[in-house]
Each structure stands twice: as structure tokens, then as C-alpha cells.
**Q** 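Sharing a structure, written as C-alpha cells. Questions coming.
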Amino acid sequence: MLDPKKIEQVARQIQGALPKGVRDLGEDFDKKLRSLLQSQLGKLDLVSREEFDIQTQVLLRTREKLAQMEQRVKALEERFNDTKALEEKPSEH
């Protein structure tokens, strides 16, 4: 959900950048500007900062687990290759 305070801040910035004649159109223009802003921002594929931070932490944990699993697979492959090499070694009798 978009923070209404942020929308209000953006609306004020846009309003401040408008020529004085447009700003003087009054409250109706102000309401329409905020409504338009809310509508257009709602169409964007945005997530809250909190959700972004949560997903970042999930990704970091996933990467850590992946690195651990890669190490385990490498160790198992080495053990397998060592065992296979011992089995293939000709006996000295």
C-alpha cells in the first residue's frame, strides 16, 4: 500500500512546480491532482520498503543455504571419486 503521506508530499511538490495561475485553480484541482497521482502510482508494480527488506533477507538466507549445499555436494563428490579410485586401483597380489 502506498503511504498517503508520501503521495501528499509528491502532490505538494508538483503543485509547487506549477505556474501560479494553475495553482490558483483551487481545491478542486488539488483533489483531482491527488486522485490522479494515487491512481497512476497504484498502477505501478511497487512494493513497500518493508516488503522489499523482508524479501532481501529471504534472498540472503537462500543464498547462504545454497552456498552450504554446494559445499556439501562438492565434499560428497570428492568422497565418491576417492572411493571410485580405490575400487579401480589394481590389487598388488
**Q** Working to the nearest 0.5 angstrom, can you tell me the gap between Asp82 CG and Glu87 CD?
**A**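 With rounding to 0.5 Å, CG (Asp82) is 11.5 Å from CD (Glu87).
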**Q** I'd like to know if the side chain of Gln68 pairs up with that of Glu64 as donor and acceptor (distance under 3.5 Å, no hydrogens or angles considered).
**A**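 Side-chain D/A pair, Gln68 to Glu64: absent.
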**Q** Quick check for you: to the nearest 0.5 Å, what is the distance between Leu60 atom CG and Gln55 atom CD?
**A**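 That separation rounds to 11.5 Å.
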**Q** To the nearest 0.5 Å, tell me how far Glu88 CD sits from Thr83 OG1.
**A**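 Going from CD on Glu88 over to OG1 on Thr83, the span is 11.0 Å.
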**Q** As a test of understanding, state which of Gln71, Glu78, Glu70 forms a side chain to side chain contact (heavy atoms under 4.5 Å, CB included) with Lys74.
**A**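 Result: among Gln71, Glu78, Glu70, Glu78 is the only option passing the side chain to side chain contact (heavy atoms under 4.5 Å, CB included) with Lys74.
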**Q** Does atom CD of Glu50 have more than 12 heavy-atom neighbours, drawn from other residues, nucleotides or ligands, at distances under 6.0 Å?
**A**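 Not more than 12 within 6.0 Å, no.
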**Q** Consider only side-chain heavy atoms of I, L, V, M, F, W and Y, link residues closer than 4.5 Å, and tell whether Leu44 and Leu37 are in one cluster.
**A**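 Yes, it is one cluster - the side chains of Leu44 and Leu37 are joined through contacts under 4.5 Å.
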**Q** Distance check, rounded to the nearest 0.5 Å: Leu76 atom CG versus Asn81 atom CG?
**A**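 Here the rounded value is 11.0 Å.
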**Q** Are the side chain of Ser39 and the backbone of Ser35 linked by a donor-acceptor contact shorter than 3.5 Å?
**A**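 No, Ser39 side chain to Ser35 backbone: no donor-acceptor pair under 3.5 Å.
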**Q** Would you give the length of the straight line joining atom CE of Met69 to atom OG1 of Thr62, rounded to the nearest 0.5 angstrom?
**A**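 So the gap between those two atoms works out to 11.0 Å.
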